Every structure is written in structure tokens, then in C-alpha cells.
Amino acid sequence: MNETSKSLNFIEQIVEEDLANGYGREDLRFRFPPEPNGYLHIGHASSICLNFGLGLRYNAPVNLRFDDTNPAKEEQEYVDAIKKDVEWLGFSWDTERYASDYFQQLYDWAIILIKEGKAYVDDQSSEEMADQKGTPTEPGTNSPNRNRSIEENLSLFDQMKRGEFGEGTHVLRAKIDMSSSNMLMRDPIMYRVLHKAHHRTNTDWCIYPMYDWTHGESDYIEQVSHSFCTLEFAMHRELYNWFLDQVYEPGKIRPKQREFARRNLSHTVVSKRKLLQLVEQGFVNGWDDPRMPTISGLRRRGYTPESIRNFVDTIGIAKRDNLIDVSLLEFTIREHLNKTTHRVMGVLNPLKLVITNYPEGQTEWLEAENSPEDEHAGSRQVPFSRELYIEQDDFKEEANKKFFRLKLGGEVRLKNGYIIKAESCTKDTDGNIVEVQCTYDPKSKSGSGTEESLRRVKGTLHWVSIAHAIKTEVRLYDRLFTDESPDTHKDKDFLEFINPDSLSIITGYVEPALKNAAIGDRFQFQRLGYFCVDPDSNDNLLVFNRTVGLRDSWAKIQDKK
RNA sequence: UGGCCCAUGGUGUAAUGGUAACACUCCGGUUUUUGGUACCGUCAUUCAAGGUUCGAGUCCUUGUGGGCCAACCA
């Protein structure tokens, strides 16, 4: 990681400035603080790479802290998935923390606040409190309970803790300023009553701290130096600092919150709430559905950690609203897979090709290069015979000069094999071409060095020998939404933009070398794209996911017509 | 009609008062036994108006546009 020539993003600059102003390098500490209420998505990858990247850059510890203050939404399943995803992306945390580890400390501090007259118990309804809250343009009014005695507050809060009150009946509020221009400073709630079991503390508590009261104090407990979050928390900073003021002791590290813009990806949604909706309402088959922008979905789709890190690095960190084109993500995965995958042949829309002058029953094993990008990748043998499958798109009875593929009377090379010439074709009663008959030039075998083998023909087709091919299931994915920014329409729900054709499942035929492919293995199906073996595969059936297609300039030429 | 934040090619990000650049996309071309890859090239950028300065994308003012803020969510 030689970053010397690379410019710093504004977050890195903040750290650099602190260092320049005397901040101790050894005092640097960061954290990645997910709430375990859903799976991590590509947007989180930015935050992960930012925080763990800072840790790597400064050799500083980075904690993985679960922000688990709401037992109503959080589950162990999510904790496990998050840990797996962070590790898979290639990062190691210093210590695994939970905000729930700090419930006792938070409670003790809350008692102090009450004793200092800085917090009070309110037993009004949420509606009443909302009314008193005012609006962004009008100040709020004080709660009638705002000036309860310290003794009464202590007693009430104790009763809350002991479970004597029902949910929604009592809260502990910080006494700050009901007329602040910042709504969050209008006596924010610190604790609410929740008679729910927590995934870690079980039923030890029935009062749970709110985000604002928890987050900054957790940073402080862990002595995190820089606490980076997304822009929607910018207004929370004032409160974050106010809460810190209440507990801060000189000499300790005082965490600093700064905000950056979350990354939006085109043609999808990057919000745990909306992704959960897609899962729960069955628009996708789970959080790791390959169409999901989740880390687990991308992993199953065939994305590599390297490509995601490279993507994140390319899109950078800033403060303005953004909508990153998914084509950039596709570029980074193609870039990595081009260099790392072996080339194989598979046919997705088969058209039977019969080589009429090739001996019946004969099989010949042709040598095929595994990767033109890697001279050490070696080669393999591919069976060739009289009856093959080629792609339906690769044959036309008649076509103009721009069509480099097979047409009647025309020649193409079969990749790694021979030059063939289409002689005739047969059709079914509906006029669909069902078979092509051709002849081959026995002297044109690839790599044989003969004059005929060196002849240049414009088109090269991939193919499989019908008798040797493995029948597989292939899942083709398209963008999940038809709109580039489905959740930013004020008058329309994002679900209205679901792409009904985001998944199509077809039967494909691949060369026998893939017989022993393992789950997760990635390949380039030549001329088609990158594919990986899905976990749904079993001994009887290989299932492939198309990670991404190859760039297709022929398709572009077609589109123009 | 309050507060906070933001504004650089189609997209994203740099330029830290001194020649506006990089990547992706788009378009065109060269090479090619993948219409892939690689390589070359074209088009295209500082929201507006004032001000400070020898010099402003950068600093100041005002406007305009966009985002966020009134969950016992995070």
C-alpha cells in the first residue's frame, strides 16, 4: 500500500491534521459500528474500508462494535453474517465489542446525570411529547415533568429499571434545551422501557439506551479517537458532544465525530430497511440473493473481495450526494476476473451443428489455453466430435459483412479447433432453425502450424461437443430495478420499479473439464462472461451464476439498429 | 419558511490561492483464434452574480439548486 503519491480524502486529511497538531499516533483508534439488524451492503463496504483502511495506514486498532441497543430488531444471525462479511472483505478487527457490554456503565452515568439535575423521567404519551417538541421552525415547550425533584426522578428511574412500568409509559430524558434550533437537543430520550429479551443480555434489562446516549459514550469507553459516520448523523454531533461533556475526564481521549456521504449505487437500493423489505416480501430469495447489493449477495454472485475493495477505493469518500453508476462496479469485477479466471467453453442457447465430413463416432481431444492473461495457467484438453452445440446467436442464414459469425456459405473458426463452412440448415415447422450442417477443413486445426491453420477468418465461435457436454443450470441476472434511483421518487414507492426480469434460469451446456468444479469456483465462459458455481449445486447438477457479462460491442452495434 | 450540510465533464473523485486532472461511461480506431483483453484517440467540467487578490474551482457576501432534521430506530 504505497499511498505517498495518492491524494487523501477529507477524512484522512482530518486525521493528518490532528497528527500535525500534536495528536499522538499511538492514540489513534477507530471502529466500525454496525447495528445487527440486517446484512451488510455495498454502502457499508465504504465505511469498512474507510475505518479498517485507516487502521492499516496508521497501524491503529479498529474495533468491530455491534450497536445493539434495540432488542426489537436485532438478532444473532445478523451478528454472525456481519462478522463473516467483514472477514471476507479481508479485514481483521482488534476487539469484538457490543454496545450492550456497556449497559451497566451507561446506567451508572445516567444516575449521575439525574443527580446533577440533567435528566428526568417523563411519563407523558409519545404524542404529548411530540406536540411539545415543536417543529424545525418553531421552538418546543417544556414538559410538565421537566422539573421533577431529583429524588422523584431517581425513584421513577429505578422503577423503570425494575420493570414496574409498561412499554411506552416512561422514558428518561436529558434536560437540555426545548428551544434549540437543533431538534435533537430538545430534551432527547436517553432510555425507554422495552420488555424484550436481548440477544446478548437476555432479560437482564428492561430499559434500553437510545442511540445518541449510547454511541458517543461507547466510543469514549473504547477510547476511539475518530468516530466516522454518515451525513444524516451530522445534526447528532451536537448531542454527541453534549453527552460526552457529561462524562469526559481530562487526560482521556475525547472521540471526535465526523460525517461523510453514504454511497448510493444506481439501479438498486442501499438501505437495510428496504433490503429487508425485499427479503420479507419475497422479491428476492434471501439476503444473499445474487441480485442483492449486500456483501453476501455479491459474494454469491461471484464478486471478489479485491474487486469490491478496488471499487470502494475508486469511488472515494466525500460529502456530496452521489449516485454511483453500477457500471463502475462491473468494471472492477471484470478487471479482476479477467486476470484471475480460467477460460472455458459453455453454450447457453444451443443450436446443433453437424460437421458432415467429420467421421461419425470419432472423438478428438484438442488443447485449449486456460488463460491468455496468465502464461502459467497451462492448458487442458477439450473433446471435439461430429456433433456440436454452438450459440443460436452465432448463426444466420444471411447476414451483412458486419456479422463476423457463421452464415450460409461463410467460414468461421471453432475456438481451439477447426475452420468450418456452413453448407445448409434445417428448420422446424415454425421456421426456426434447428440444425446447421457444415464441413470442416481437416488441415486447419488450431496450433498445428499448417498453412491452413494459419489462415485468418474473421469470426471465432465457442462450442461444446454434444456427447461430452455437461448439462447445467445457469442463472442470469439483470439489475433489480429498472430505475437508476428507485427510492428517490417522492411520489412513487421504490417497489414500483422492481425489474420483473431480474432473474432468468436456463439450461446450459459446458465442457467436461468443469465436472469437478467446486462451489465458489469462478470461470470465464468464453465470449459470454464470468460465471461462478452456486452453493445450490450438488453431485447431480452444477448451478452457475453469471457474475457479469463480458463487454459486448456487438450488442451495441445491434442496439443501434 | 428555522438550523445544518453540499455544489468540478454523463457518473464518481482529485487539484490544499499559481497551467482544471484521473477513473468509469459514451463515441471512433489499432491489435486479436474471445466482437473479450491490451493500446491509441475524440467529445465533454468549476451553479450564478458580486467582492478580496498580481492571480480564485479554492477565500468572503448574496442568490439559486439539492440533501438532512419534528421514531420510545440506528
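Since we're looking at a predicted model, the values are computed, not measured. In the text below, chain A, chain B and the rest are named by the order of the sequence lines, each starting its count at 1.
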Stacking check A:Tyr211 vs B:A74 (5.5 Å / 30 deg): no

Protein-nucleotide distance (A:Phe66, atom CZ; B:A74, atom C1'), rounded to Å: 15 Å

Closest to side chain of A:Arg551, choosing from B:G2, B:C24, B:U37: B:U37

Dot-bracket pairing map - RNA chain B, Watson-Crick plus G-U, both contacts under 3.5 Å, | cross-strand: .((((((..((((....[..))))..((((.......)))).....(((((..]....))))))))))).....

Side-chain donor/acceptor of A:Glu373 to base of B:G36, under 3.5 Å: yes

Might you list the N or O atoms of the protein lying below 3.5 Å from N or O atoms in nucleotides 12-15 of chain B, with each pair's distance?
unit_1: B:G12; atom_1: OP1; unit_2: A:Leu323; atom_2: N; d: 3.1
unit_1: B:G12; atom_1: O2'; unit_2: A:Ile315; atom_2: O; d: 2.8
unit_1: B:U13; atom_1: OP1; unit_2: A:Arg263; atom_2: NH2; d: 2.9
unit_1: B:U13; atom_1: OP2; unit_2: A:Arg320; atom_2: NE; d: 3.2
unit_1: B:A14; atom_1: OP1; unit_2: A:Ile317; atom_2: O; d: 3.4
unit_1: B:A14; atom_1: O2'; unit_2: A:Ser7; atom_2: OG; d: 3.2

Side chain to side chain donor-acceptor pair (under 3.5 Å) against A:Asn51, all qualifying residues, sequence neighbours excluded: A:Ser47

Value in whole Å for how far the P atom of B:G36 lies from CZ of A:Arg405: 11 Å

Gap between atoms CG and P, on A:Asp552 and B:U25 respectively (whole Å): 14 Å

Short N-O contact, A:Lys458 and A:Glu411, less than 4.0 angstrom: no

Pairing residues for A:Arg334 by the salt bridge (charged side-chain N to carboxylate O under 4.0 Å, His left out) criterion, not counting sequence neighbours: none

5'-most by nearest nucleotide on RNA chain B - A:Val171 or A:Phe404: A:Phe404

Sugar-phosphate, base or nothing in reach of A:Lys490, heavy atoms under 4.0 Å: sugar-phosphate

OP1 or OP2 of B:C72 under 4.0 Å from side-chain N/O of A:Thr169: no

Charged N-O contact under 4.0 Å between A:Asp122 and A:Arg148: no

Those residues of residues 230-244 of chain A lying under 4.0 Å from RNA chain B by at least one heavy atom: A:Phe233, A:Met235, A:His236

Electrostatic pair A:Glu222-A:Arg31, nearest N-O below 4.0 angstrom: no

Sugar-phosphate, base or nothing in reach of A:Gln524, heavy atoms under 4.0 Å: base

Touch class at under 4.0 angstrom, heavy-atom based, for A:Phe403 against every strand present: base

A:Lys556 side chain near B:C26 phosphate (N/O to OP1/OP2, under 4.0 Å): yes

A:Leu275 CG - B:A74 C1' separation (whole Å): 15 Å

Ionic contact status for A:Glu391 with A:Arg405, cut-off 4.0 Å: no

Protein-nucleotide distance (A:Leu184, atom CG; B:C72, atom P), rounded to Å: 11 Å

For A:Glu127, side chain to side chain donor-acceptor pair (under 3.5 Å) partners two or more places apart: A:Ser125

5' precedence on RNA chain B between A:Ala130 and A:Glu74 (nearest-nucleotide basis): A:Ala130

Protein-nucleotide distance (A:Arg343, atom CZ; B:G36, atom P), rounded to Å: 13 Å

Letter per nucleotide, 5' to 3', of nucleotides 28-33 of chain B [B base touched, S only sugar-phosphate touched, - untouched; heavy atoms, 4.0 Å]: S---SB

For RNA chain B, the residues among residues 33-46 of chain A that have a non-hydrogen atom under 4.0 Å from it: A:Glu35

Sugar-phosphate, base or nothing in reach of A:Ser126, heavy atoms under 4.0 Å: base

Heavy-atom side-chain contact between A:Phe403 and A:Lys396 under 4.5 Å: yes

Pairing residues for A:Glu238 by the side chain to side chain donor-acceptor pair (under 3.5 Å) criterion, not counting sequence neighbours: A:Asn182

Rounded distance (Å) that lies between atom C1' of B:G35 and atom CZ of A:Arg334: 14 Å

A:Tyr39 vs A:Glu77 side-chain heavy atoms within contact, under 4.5 Å: yes

Sugar-phosphate only, base, or nothing, as touched by A:Gln124 at under 4.0 Å among non-hydrogen atoms: base

Test: A:Lys415 cationic atom under 6.0 Å from A:Trp463 six-membered ring centre, within 45° of axis: no

Sugar-phosphate only, base, or nothing, as touched by A:Ser180 at under 4.0 Å among non-hydrogen atoms: nothing

Full working for side-chain contact (heavy atoms from CB on, under 4.5 Å) between A:Leu388 and A:Val464: CA-CA 6 Å; A:Leu388 313 175; A:Val464 292; over 6 Å; no

All side chain to side chain donor-acceptor pair (under 3.5 Å) counterparts of A:Ser126, not counting sequence neighbours: none

Touch class at under 4.0 angstrom, heavy-atom based, for A:Met210 against every strand present: sugar-phosphate

Side chain to side chain contact (heavy atoms under 4.5 Å, CB included) partners for A:Ser266, two or more places apart: A:Leu323, A:Asp325, A:Val326, A:Glu484

Salt bridge (charged side-chain N to carboxylate O under 4.0 Å, His left out) involving A:Arg186 - partner list, sequence neighbours excluded: none

Ionic contact status for A:Lys196 with A:Glu167, cut-off 4.0 Å: yes

Distance below 4.0 Å between A:Arg527 side-chain N/O and B:G35 OP1 or OP2: yes

Identified ring pair (Phe, Tyr, Trp, His ring centres under 6.0 Å) counterpart of A:Trp213 within the set A:Phe243, A:Phe103, A:Tyr240: A:Phe243

Closest to the A:Pro372 side chain, choosing from B:C73, B:U25, B:U34: B:U34

Residues A:Arg97 and A:Tyr102: side-chain donor-acceptor under 3.5 angstrom: yes

